[in-house]
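Here the structure is laid out as structure tokens; the discussion comes afterwards.
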Amino acid sequence: MTHDETTGSAHATPQPEPAPEPLPAPERAPDADVVPASEGAVMWAPPAEAPRRRRRWPWILLVLIVLALAGTAGGVWLAHEAQVRADAARALTAGQQQVIAGAIGALSETDDRIAAQRDTFRTDLAGWDADEAATAQWQQSTDAPSPAVANPGGGAMPGDDPTGRAFLDSIGATDVQVIFDAGPENCGYSGAGSDAWSYTAGGCYDTRYRNWLFLAWERGGEELVWPVFVHEAMHWYQYQQYYPLFLAADRAGVAHDAYVGALEGDASCRAVYVYGIHADEYEDSSSPCDVDGWYEGWLRDHLASLGVRTTEPVATEYEVLEVTRP
Ligand SMILES: [Zn+2]
């Protein structure tokens, strides 16, 4: 026989038995939830755990809320941390920023240089075209001088070519004529020599009279005439060849005085080197052949050395950056 405290019921047999002695009441633990049942009665007591379990719900909710908040906070923190790391990854060092600023500055400077070079090219090209047009116009001019003062030496050169026609034709100056004039338009021809033992001969080429050569001499100075005449013919040649360069020199701010010595030397040297006039003929003149190693094109190169543009401007000259071509 067992005692079932859960039901509190007693199992009886058909034969009554003497009532057993009551068992001592079991010791209850202080915190036992079991309520002792009375004999023969079924008792119900609400389990102590139920209210306790219900009371736990707020705690559980609180824990869940805390955990949720913690999770959210953790997520926020992680997101913040990731943003910081991303920003750090994107951030530039001072050196990198300096490099970029330098590159941007260099690009800006390059743009300025390109714009400046483009303007310079346009200006130079316009100047070149204007000089070409002025030269073409000048080459159409046919103005002729009028004798002001009769040449003391007469109206014909000594020798076999009294008007210089044969020589002029030989150098392509078929339209050029000589005017024998001792007036002021003959570059200030001064007339008689300073003493009885010297003679004067003088000539001039004036671009106002494109196809004329001035010539004058005093009697006794006939031997000087031919070298002077050839020298003046060389001036005509210079202007036929280089007239635009003289305009370009003026445009570049190179004054005539800056190259007049070269102009005189080039004329005499061309007479010496190309047409066989002896250099001594010019040695004591105002226009000696003083260019050592003179060569065809020397005057052009000399003007270029003074900063005069001697070739037509082309765009590639003004490129700021080298072009890389395959
Ligand atoms: Zn001269």
Side-chain angles (χ1 to χ4, degrees), residues 138 143 145 147-149 151-153 157 161 163-164 167-168 170-173 175-194 198-218 221-247 249-250 254-292 294-303 306 308:
W138 175 73
D143 292 350
V149 177
N151 173 32
M157 285 191 285
D161 191 3
T163 61
F167 179 80
L168 293 171
S170 73
I171 65 172
D175 294 331
V176 175
Q177 301 177 61
V178 175
I179 176 172
F180 302 102
D181 179 21
E185 287 192 319
N186 185 357
C187 292
Y189 175 76
S190 59
S194 59
S198 63
Y199 300 94
T200 298
C204 186
Y205 177 71
D206 187 330
T207 55
R208 291 179 299 170
Y209 309 114
R210 184 172 62 92
N211 283 329
W212 290 86
L213 306 179
F214 287 87
L215 200 59
W217 66 92
E218 61 179 334
E222 283 77 9
E223 63 179 20
L224 304 174
V225 174
W226 190 256
V228 172
F229 162 71
V230 175
H231 173 93
E232 300 307 329
M234 297 301 100
H235 280 315
W236 172 86
Y237 179 88
Q238 288 171 331
Y239 280 88
Q240 288 296 308
Q241 298 297 314
Y242 302 131
Y243 191 85
L245 303 189
F246 302 138
L247 297 180
D250 185 58
V254 178
H256 184 266
D257 287 347
Y259 60 86
V260 65
L263 206 61
E264 294 301 327
D266 179 79
S268 290
C269 285
R270 178 176 293 280
V272 170
Y273 281 79
V274 179
Y275 297 106
I277 306 297
H278 201 284
D280 290 349
E281 300 288 353
Y282 301 116
E283 188 170 339
D284 295 327
S285 76
S286 59
S287 305
C289 171
D290 53 5
V291 180
D292 291 335
W294 181 91
Y295 57 89
E296 185 67 52
W298 175 85
L299 182 59
R300 176 189 294 274
D301 290 347
H302 181 73
L303 290 171
L306 297 178
V308 177

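Counting starts at 1 for both ligands and their atoms, in listed order.
Among the atoms of H235, an N, O or S atom is found under 2.8 Å from the Zn ion (ligand 1). Residue H231: an N/O/S atom is found under 2.8 Å from the Zn ion (ligand 1).
The aromatic rings of F167 and F229 sit perpendicular to each other, their planes meeting at more than 60°, with 30° as the lower class boundary. Taking the six-membered ring where tryptophan is involved, the planes of Y282 and H231 are tilted, since the angle between them lies from 30° to 60°.
Residue E264 approaches the Zn ion (ligand 1) most closely through its N/O/S atom OE1.
Atom CG of L213 sits about 11.0 Å away from atom CG of D206, to the nearest 0.5 Å.
Residue-environment remark: CD (Q241) exceeds the threshold of 12 foreign heavy atoms within 6.0 Å.
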